[in-house]
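The chains referred to below are lettered A, B, ... by the order of the sequence lines, with proteins before strands, and numbering in each begins at 1. Any value given below was found using the heavy atoms of this structure, including those in side chains, with hydrogens, waters and symmetry copies removed.
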Amino acid sequence: MNSYDPKEIEPKWQKVWEEQGIHHAKEDVKKPKYYALMEFPYPSGDGLHTGHVRGYTAMDIIARKRRMEGYNVLYPIGWDAFGLPAENYAIKTGIQPAITTKKNIENYRKQFKSLGMSLDWDREVDTTDPKYYKWTQWLFLKFLENDLAYKAKMNINWCPKDKIGLANEEVVDGKCERCGTQVEKRVKEQWMLRITKYADRLDRDLDLVDFPERVKAQQRNWIGRSEGAEIDFLLDFTYDKKANANRGPNGEKAAIKVFTTRPDTIFGATYLVLAPEHPWVTLAIEQHEVLENKKEVIAYINSVKNKEEIERTAEGKEKTGVELKGVKAINPATGEEIPIWIADYVLPNYGTGAIMAVPAHDERDFEFAAKFKLPIKQVVAPVFYDKTNPVKPDAENTIRHGVIIIIKHWSEDKYLLDYSPKFNWKCLFTGGIEEGEDPLEAATREVREETGYQNIKSAVYVPFEHIDKFHAPHKNLNRHVFQKNIFIQLADGEEKERSDEEKDLHHISWLSEAEMKKEISLPNHLEVFEIFLQNGKAITGEGSLINSGTLDGLIGIEAKDKAIELVNGTKKTSFKLRDWIFSRQRYWGEPIPVIHCEKCGMVPVPEKNLPVTLPEVAMYEPTDNGESPLSAIDSWVNVECSTCGGKAKRETDTMPNWAGSSWYFLRYTDPNNDAEFASKERLNHWTPVDWYNGGMEHTTLHLLYSRFWHKFFFDIGLVPTTEPYQKRTSHGLILAEGGVKMSKSKGNVVNPDKVVEQFGADTLRVYEMFMGPFEQAIAWNEESLVGPRRFIEKVWKLQYKIEDKDPDVDRQIDMHRTIKKVSGDIELLGFNTAISTLMIWVNTLEKYDSVSKMEFETLTKLLAPFAPHVADEVWYSIGHGHILATETWPDFDEQKLEKREAILAVQVNGKVRATLTTSADDTEDDVKTRALELPEVQKWLNGAVPKKVIVVLGKIVNIVV
RNA sequence: GCCCGGGUGGUGGAAUGGUAUACACGGAGGACUUAAAAUCCUCUGGUCGCAAGACCUUGUGGGUUCGAGUCCCACCCCGGGCACCA
């Protein structure tokens with residue numbers, strides 16, 4: 001008997017696989033294709049980490065299983081090799097990024113091979129290879145041709161010490177990632193990609209793909225689609241020709257366009273707010289005669305400009321703003337004049353940069369209105385449905401008006417609670433308003449009648465109205481009661497004796513604020529009391545329109561649609577997603593293939609001149625003016641214009657990292673094509689990617705970016721599908737021992753090479769798949785590694801117990817169940833449970849004197865995707881001349897999943913008291929009879945007659961006494 | 001605040017509404033050994049009990065059900081994402 005030695009067998013099989021070329025995808029049309037993909041790595045100097053192993057092993061399992069299932073599998077690998085670390089390293093050492101990158105790639109390649117990944121090494125791509133980035137540049141030109149790439153002045157993050165523009169990812173807590181200096185804003189011209197044009201489709205088409213819900217949710221959240229309307233608010237101010245020629249012909253009224261998702265609340269719009277950057281504000285400042293407080297307005301705008309973004313959007317920041325005095329807007333619904341303010345809580349780049357403020361129904365507007373004493377007008381009344389007497393669909397609806405009354409003690413801080421024994425309600429006081437009666441008078445009357453207290457100091461409205469809906473059974477009517485809520489302060493304790501009936505109906509008691517909150521049992525009353533205590537709040541929920549003229553009584557979508565119609569608005573969808581800043585002032589990226597000609601302006605580099613290759617430079621430091629180091633190389637920058645032959649300069653900005661990774665999976669289909677970025681046939685054959693695994697951290701960057709590129713490519717006929725990835729999964733993070741992040745500075749990084757050295761690649765693979773649910777973050781645990789190793793050794797030892805005879809039926813059932821469970825779990829990412837199922841079976845087999853060849857071969861095949869080296873080794877040593885990759889994945893037999901005998905739990909009143917062995921032929925009655933005869937059951941029944949006996953064959957018996 | 005996850009032994013974690021704690025690690029005891037490692041066997045949620053056994057237990061509190069970790073309601077805590085997006 002040989003002992004298991006991964007050091008010997010692992011390199012051996014890796015060599016065999018490579019020699020046989022078994023993992024190379026062929027364009028073999030006879031087999032169905034399967035494209036398995038894992039996000040390609042950035043080849044850093046630190047080498048592979050355990051997280052890579054997790055993702056690549058998972059996809060390797062899928063790839064290997066698919067091959068055995070008869071698919072033509074593409075499981076490629078490449079390098080996302082542009083990026084900052086190589087460039088920073090170059091700045092420090094002067095070593096060219098190209099050289100360090102090459103070295104790192106070699107190391108990665110070696111590591112991947114030592115892990116036994118069944119990758120197709122013939123299709124490697126490297127984003128920094130000019131043969132590759134030629135096509136990245138070519139694709140960029142397509143964006144340019146289709147007006148999806150443009151230049152714009154943008155605020156960028158600027159480090160004054162390093163004199164460099166920073167990407168958002170390079171700014172940590174408002175400071176430069178490298179030197180810790182506070183980052184400034186600078187306006188710089190940047191290349192942009194118009195991803196916003198695809199916002200709607202990027203959102204909607206998520207319905208077409210099989211992505212985890214959390215990924216979809218996160219992308220949707222990021223895209224931030226919201227439906228609403230744009231509405232014009234006319235100003236009371238008329239342009240004249242001198243003041244502004246482009247705002248319309250002489251005498252036309254100026255208007256502010258606002259975006260709102262709540263057009264239904266238009267009657268409650270009591271003022272407008274513009275972003276300080278809103279173009280009309282600039283205009284107004286230039287109109288000397290418009291603003292009465294121009295100085296104040298300018299001062300405010302300047303104060304906002306100097307604020308950092310973080311400060312401006314900080315949580316809990318108190319609202320600031322200034323009124324534009326001398327100009328009013330007209331609410332198109334009410335026709336009333338309303339003030340116009342500017343405030344930095346309105347963002348310039350969302351919607352129209354202007355809002356109609358509805359303080360009664362928006363928390364931010366409420367806060368602002370409260371601070372600046374602006375009017376608050378409620379136009380949506382929440383509707384409370386009584387649960388004890390719910391409205392009946394067939395009963396007639398009647399409208400009533402009522403009051404709900406909060407009563408405060410004349411001297412103490414106490415409130416009166418009404419307890420109604422008849423309904424078992426603890427609540428505030430209520431009453432109906434009679435025809436022509438003032439609500440405050442009605443409330444006063446009710447207080448005197450129901451409580452006996454006579455002298456009232458004050459009666460005021462609580463700033464909240466609502467509607468109660470219930471069914472009045474004695475008249476069979478549905479009541480819709482419009483409630484006004486009123487606060488009454490008693491003057492003194494003078495009481496008048498109440499009638500017996502009133503005393504019976506209303507048991508009254510004085511309670512403190514906190515006690516009231518606890519005791520009030522009706523949700524509508526509780527809401528009234530809480531709003532009273534807070535002195536009003538924004539009511540953001542649904543409700544029925546009130547105080548809204550012809551819209552009164554409308555609700556939901558109908559209310560919105562009618563409101564838009566009423567004020568001549570247009571339906572509009574807005575997105576949070578912003579266009580993508582696509583240029584970096586860096587060396588180590590794809591040069592943007594554009595030249596700037598003195599005569600012709602911006603000229604795209606003609607296709608025949610691609611690629612625009614990166615020149616070697618001596619200094620990688622950025623220049624003083626924040627341009628890329630490329631700008632310092634005159635020989636590279638100065639070129640002839642390809643259109644007119646005149647003097648021109650190259651664009652010196654480079655593309656961000658996300659460029660090469662946005663389309664690499666397409667290149668895998670045809671990696672060596674010099675004539676096209678990939679051929680039609682190859683793309684048709686392989687795309688879309690069937691299963692794409694990657695990290696959660698790429699959900700709103702790489703994953704969204706590449707979906708955007710792909711959709712554009714589809715639109716111009718470059719690719720055959722609208723979505724690049726059919727199925728997406730994401731592996732959870734691997735944390736260091738103790739549940740903290742692995743980091744070099746903490747020195748807690750686990751090096752996979754060391755684990756392979758000590759335990760073998762198969763053990764590492766099984767361990768990482770077994771350690772916990774695949775999509776969940778999980779902490780590394782050195783001690784637990786021996787478990788998978790012991791498991792592999794148990795399998796190893798089983799090979800010496802093979803006897804060539806068929807196992808009995810029960811053992812076959814074990815086998816078929818294992819096949820079913822393992823096969824199914826792999827598809828559902830249940831790698832941990834798939835492995836535990838194999839462990840259970842191995843533990844069972846180990847106990848027998850011998851295993852059959854059939855059992856052992858099945859085990860080997862099921863194990864092969866997880867631990868491919870040891871699987872091939874034992875497969876070979878039991879006499880097979882071919883490798884497992886060419887074997888077929890085992891099938892299970894539906895007929896062999898249920899055992900003849902089952903052990904059921906017998907419960908008495910839901911508690912397990914005994915077990916009972918039953919056979920497949922037993923009927924419910926048999927089982928019932930036998931269960932009742934069991935001595936344990938007799939003991940617990942103690943002579944009682946069972947009320948009910950529930951028998952679920954094969955599962956359980958429950959005897960209810 | 002909003003949107004996703006998640007709370008189960010000493011630890012990682014299993015459980016189509018049907019014997020909660022599978023599998024693995026760790027721990028205890030034993031076998032083998034001069035000894036140790038490796039390996040193998042037994043035990044291992046808690047409380048009470050000599051034992052037989054009883055009771056309790058899946059973040060908390062209610063509910064539905066013959067039966068709830070699983071379904072419903074309310075709440076607490078942890079992780080991730082977004083965050084003045086009108």
Side-chain angles (χ1 to χ4, degrees), chain A residues 3 212-226 228 258-263 265 269 273 275 312-319 343-347 349-358 361-365 367-368 540 574-578 696-697 699-700 732-733 735 737 739 766-767 770-773 775-788 790-791 793-794 797 830 832-843 846 903-916 946-952 954-961:
Chain A
S3 63
E213 267 321 303
R214 58 177 179 157
V215 170
K216 288 189 183 183
Q218 214 167 296
Q219 286 208 349
R220 288 213 159 100
N221 197 300
W222 186 262
I223 294 166
R225 178 198 165 92
S226 54
V258 304
F259 173 73
T260 178
T261 55
R262 295 292 307 270
T265 62
V273 189
R312 179 166 169 177
T313 60
E315 186 185 357
K317 188 190 81 98
E318 198 170 312
K319 302 247 175 317
D344 68 355
Y345 82 91
V346 173
L347 306 175
N349 49 11
Y350 181 77
T352 60
I355 61 156
M356 62 177 213
V358 185
H361 304 289
D362 181 280
E363 277 168 28
R364 294 148 303 179
D365 297 341
E367 197 191 319
F368 192 79
T540 51
S574 281
F575 298 90
K576 283 198 262 183
L577 188 68
R578 301 269 71 90
M696 215 41 211
E697 69 275 21
T699 302
T700 54
L733 227 55
L735 304 167
E737 245 157 309
V766 173
Y767 170 67
F770 180 64
M771 62 197 298
E775 305 214 278
Q776 192 176 298
I778 200 141
W780 188 265
N781 186 323
E782 196 73 34
E783 275 185 340
S784 296
L785 263 162
V786 296
R790 283 178 194 153
F791 163 64
E793 294 203 22
K794 280 184 196 172
K797 283 179 197 155
N832 53 336
T833 48
I835 291 167
S836 86
T837 304
L838 286 173
M839 286 173 167
I840 292 167
W841 193 32
V842 167
N843 289 346
E846 204 191 16
I903 298 167
L904 350 181
V906 180
Q907 300 182 332
V908 179
N909 283 337
K911 290 201 170 170
V912 181
R913 299 301 181 187
T915 55
L916 181 65
K947 277 191 205 142
K948 201 170 175 184
V949 180
I950 288 131
V951 178
V952 183
K955 293 262 156 95
I956 205 159
V957 180
N958 192 7
I959 298 159
V960 187
V961 196

(request) From the options rG18(B), rC23(B), rG13(B), select the nucleotide whose nearest atom is closest to the side chain of Pro773(A). (result) rG13(B)
(message) With heavy-atom distances below 4.5 Å as the criterion, would you say the side chains of Glu737(A) and Asn781(A) are in contact?
(response) yes
(request) Using a cut-off of strictly less than 4.0 Å, decide whether Gln776(A) has a side-chain nitrogen or oxygen near OP1 or OP2 of rG13(B). (result) yes
(request) Could you tell me the separation between the CZ atom of Phe770(A) and the P atom of rA14(B), rounded to a whole number of Å? (result) 10 Å
(message) What's Asn843(A) touching, base or sugar-phosphate or nothing? Going by heavy atoms closer than 4.0 Å.
(response) sugar-phosphate
(message) Tell me whether the count of non-hydrogen atoms from other residues, nucleotides or ligands lying under 6.0 Å of CD in Glu846(A) goes above 12.
(response) yes
(request) Between rU33(B) and rU16(B), how far apart are the C1' atoms? Round to whole Å, please. (result) 50 Å
(message) Check whether Asn832(A) reaches the backbone of Met771(A) with its side chain - one donor and one acceptor, N or O, closer than 3.5 Å.
(response) no
(message) Closest approach to the side chain of Tyr345(A), judged atom by atom: which nucleotide of rC84(B), rA86(B), rU19(B) is it?
(response) rC84(B)
(request) Under 4.0 Å between any heavy atoms, over every strand shown, what does Ile778(A) touch: base, sugar-phosphate, or nothing? Just pick one. (result) sugar-phosphate
(request) Could you give the distance separating rU11(B) and rG17(B) at their C1' atoms, to the nearest angstrom? (result) 29 Å
(message) Assuming nearest nucleotide by heavy-atom distance, tell me which of Asn781(A) and Glu363(A) is located more 5' along RNA chain B.
(response) Glu363(A)
(request) Kindly say if Arg913(A) contacts the phosphate of rC55(B), meaning a side-chain N or O under 4.0 Å from OP1 or OP2. (result) yes
(message) Any base atoms under 4.0 Å from Ser836(A), or only sugar-phosphate, or nothing? Heavy atoms, all strands.
(response) base
(message) Looking at rA38(B), I'd like to know if its phosphate oxygens (OP1 or OP2) sit under 4.0 Å from a side-chain N or O belonging to Arg790(A).
(response) no
(request) Verify the contact: side-chain N or O of Lys911(A) to OP1 or OP2 of rC56(B), cut-off strictly under 4.0 Å; return yes or no. (result) yes
(request) Give one of base, sugar-phosphate or nothing for Glu846(A), where a contact means two heavy atoms less than 4.0 Å apart. (result) sugar-phosphate
(request) Looking only at side-chain atoms of Val346(A), point me to the closest of rG26(B), rA86(B), rC66(B). (result) rA86(B)
(message) Rounding to an integer number of Å, can you tell me how far Glu697(A) CD sits from rC82(B) P?
(response) 12 Å
(request) Return the value, rounded to whole Å, for the distance between atom CZ of Phe791(A) and atom C1' of rA24(B). (result) 11 Å
(request) For Asn843(A) and Lys794(A), test the side chains for any donor-to-acceptor distance below 3.5 angstrom and give the result as yes or no. (result) yes
(request) Using only side-chain N and O atoms of Ser226(A), determine if any of them is under 4.0 Å from OP1 or OP2 of rA86(B). (result) yes
(message) How many whole angstroms separate atom CG of Leu785(A) from atom C1' of rG26(B)?
(response) 14 Å
(request) Could you check if the base of rG80(B) is syn or anti? Syn means the glycosidic torsion is within 90 degrees of 0. (result) anti
(message) Are the side chains of Tyr767(A) and Trp780(A) in contact, using a 4.5 Å heavy-atom criterion?
(response) yes
(message) Tell me whether the NZ or CZ atom of Lys319(A) lies within the 45° cone about the ring axis of Tyr345(A) and under 6.0 Å from its centre.
(response) yes
(request) Please determine, for the side chain of Asn221(A), which listed nucleotide (rA86(B), rA20(B), rC82(B)) has the closest atom? (result) rC82(B)
(message) Taking rU57(B) as the reference, what is the distance to rA51(B) when you measure between their P atoms (whole Å, please)?
(response) 23 Å
(request) Using a 4.0 Å heavy-atom cut-off across all strands, classify Ile840(A) as base, sugar-phosphate, or nothing. (result) sugar-phosphate
(message) Could you check whether the side chain of Lys576(A) and the base of rC82(B) have a donor-acceptor pair of N or O atoms closer than 3.5 Å, going by distance alone?
(response) no
(message) Given the structure, check if the side chain of Lys797(A) and the base of rU39(B) hold any donor-acceptor pair shorter than 3.5 Å.
(response) no
(message) If you compare all heavy atoms of Asn909(A) against all heavy atoms of Val961(A), which two are closest, and at what distance to 0.1 Å?
(response) OD1-N, 3.0 Å
(request) Can you run through RNA chain B from 5' to 3' and write each base as (, ), [, ], | or . depending on how it pairs? Watson-Crick or G-U wobble, both distances under 3.5 Å. (result) (((((((..(((.....[....)))((((((.......))))))((((....))))..(((((..]....))))))))))))....
(message) Just to be sure I understand the rule, does Lys947(A) reach a base, reach only the sugar-phosphate, or reach nothing, if contact means heavy atoms closer than 4.0 Å?
(response) nothing
(message) Please find the pair of heavy atoms, one from Ala905(A) and one from Val912(A), that lie closest to each other, and give the distance.
(response) CB-CG1, 4.1 Å
(request) Could you state the atom-to-atom distance from NZ of Lys216(A) to P of rC3(B) in whole Å? (result) 19 Å
(request) Determine the Euclidean distance between corresponding C1' atoms of rA20(B) and rA15(B); express it in Å to zero decimal places. (result) 7 Å
(request) Whole angstrom is fine here: how far is it from CZ in Arg578(A) over to C1' in rA83(B)? (result) 14 Å
(message) Side-chain N or O of Arg214(A) versus OP1/OP2 of rG79(B): is the shortest distance under 4.0 Å?
(response) no
(message) Please compare Tyr350(A) and Asn958(A) by the position of their nearest nucleotide in RNA chain B and report the one closer to 5'.
(response) Asn958(A)
(request) Using atom CD of Glu775(A) as one end and atom P of rG80(B) as the other, report the distance to the nearest whole Å. (result) 17 Å
(request) Determine the Euclidean distance between corresponding C1' atoms of rG13(B) and rG45(B); express it in Å to zero decimal places. (result) 15 Å
(request) Between rC75(B) and rC25(B), how far apart are the C1' atoms? Round to whole Å, please. (result) 35 Å
(message) Please verify the inter-ring angle class for Tyr350(A) with Phe259(A); under 30° counts as parallel, over 60° as perpendicular, anything in between as tilted.
(response) perpendicular
(request) Please state whether the phosphate of rC23(B), meaning OP1 or OP2, lies under 4.0 angstrom from any side-chain nitrogen or oxygen of Asn832(A). (result) no
(message) Roughly how many Å apart are rG9(B) and rU60(B), using the P atom of each and rounding to a whole number?
(response) 10 Å
(message) Please give the distance between the C1' atoms of rU34(B) and rG53(B) as a whole number of Å.
(response) 46 Å
(message) I'd like to check Met696(A) versus Val215(A) (side-chain heavy atoms, cut-off strictly below 4.5 Å). Are they in contact?
(response) yes
(request) With the side chain counted from C-beta on, respond yes when Met356(A) and Asp365(A) share a heavy-atom pair under 4.5 Å apart, and no when they do not. (result) no
(request) Rounded off to whole Å, could you give me the CD1-to-C1' distance for the Ile903(A) and rU19(B) pair? (result) 10 Å
